[in-house]
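All remarks here apply to the structure that follows.
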Amino acid sequence: MTSFRPSKIEQFAIEAKLNRFFGANIYDRLFLGFEVVEVVEDKLHAWSPSEHCAAVIDHQLGARVAWIAQSVFNRPIRQVSVLVRGLSHNGRAKPV
């Protein structure tokens, strides 16, 4: 199983591309505090500062976020999973 955590530069690149693609209004409403935690195989795991933002990103914007992440990481991203900051993506009690 291949997994990695993005560097700070890759995180900044994701943020910049999200801001450019969605525009300042949507970015400021949904993506402030958005952080990519890791990429496992072809699945991106991320945190969002609120439950509402996590749900909207996960269910409505996930495909577009995956497309943007593919361009930054230069690898296929097929699925996006966004949780509230601090929750674990793999079922453990502590954050990833």
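- The closest donor-acceptor contact from the side chain of Gln79 to the backbone of Lys43 lies at 3.5 Å or more, if one exists at all.
- Sparse packing is recorded around CZ of Arg20, with 12 or fewer heavy atoms of other residues, nucleotides or ligands lying under 6.0 Å away.
- For the 3.5 Å distance criterion, the side chains of Lys17 and Ser71 qualify, holding a donor opposite an acceptor.
- In terms of heavy-atom proximity, Ile57 sits nearest to Val82 at CG2-CG2, 3.6 Å.
- Minimum heavy-atom separation, Val37 to Arg5: O-CG, 3.4 Å.
- Surrounding CD of Glu51 are at most 12 heavy atoms belonging to other residues, nucleotides or ligands under 6.0 Å away.
- No chain of hydrophobic side-chain contacts below 4.5 Å, direct or via other Ile, Leu, Val, Met, Phe, Trp or Tyr residues, connects Leu32 to Phe12.
- Between the side chain of Glu35 and the backbone N or O of Trp47, no donor-acceptor pair lies under 3.5 Å.
- Side-chain atoms of Tyr27 and Phe21, non-hydrogen and from C-beta on, never get closer than 4.5 Å to each other.
- When Val39, Asp42, Val36 are each tested for a side-chain contact (heavy atoms from CB on, under 4.5 Å) with Ile77, only one passes: Val39.
- Of all the heavy atoms in Phe31 and Leu18, the pair that sits closest is CD2-CD1, 3.7 Å.
- Proximity of Phe22 to Ile68: side-chain heavy atoms (C-beta onward) are separated by under 4.5 Å at one or more points.
- Put simply, the side chain of Glu10 gets close to the backbone of Ser7: a donor and an acceptor are under 3.5 Å apart.
- If you chain together hydrophobic residues whose side chains sit under 4.5 Å apart, Val80 and Phe4 fall into the same group.
- At least one donor-acceptor pair closer than 3.5 Å links the side chain of Gln11 to the backbone N or O of Phe34.
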May I have the step-by-step check of side-chain contact (heavy atoms from CB on, under 4.5 Å) for Phe73 and Ile14, ending in yes or no?
CA-CA 9 Å; Phe73 300 132; Ile14 291 270; 4.1 Å; yes
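- Closest heavy-atom contact between Pro49 and Val84: O-CG1, 4.3 Å.
- Counting heavy atoms from C-beta outward, Val40 and His45 have side chains that approach closer than 4.5 Å.
- Here the closest non-hydrogen pair linking Asp58 and Ser81 is OD1-CA, 3.5 Å.
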Run the side-chain contact (heavy atoms from CB on, under 4.5 Å) test on Thr2 and Arg75 for me, step by step, so that the C-alpha distance in whole Å, both residues' side-chain angles and the decisive distance to 0.1 Å come before the verdict.
CA-CA 11 Å; Thr2 306; Arg75 64 183 304 159; 3.7 Å; yes
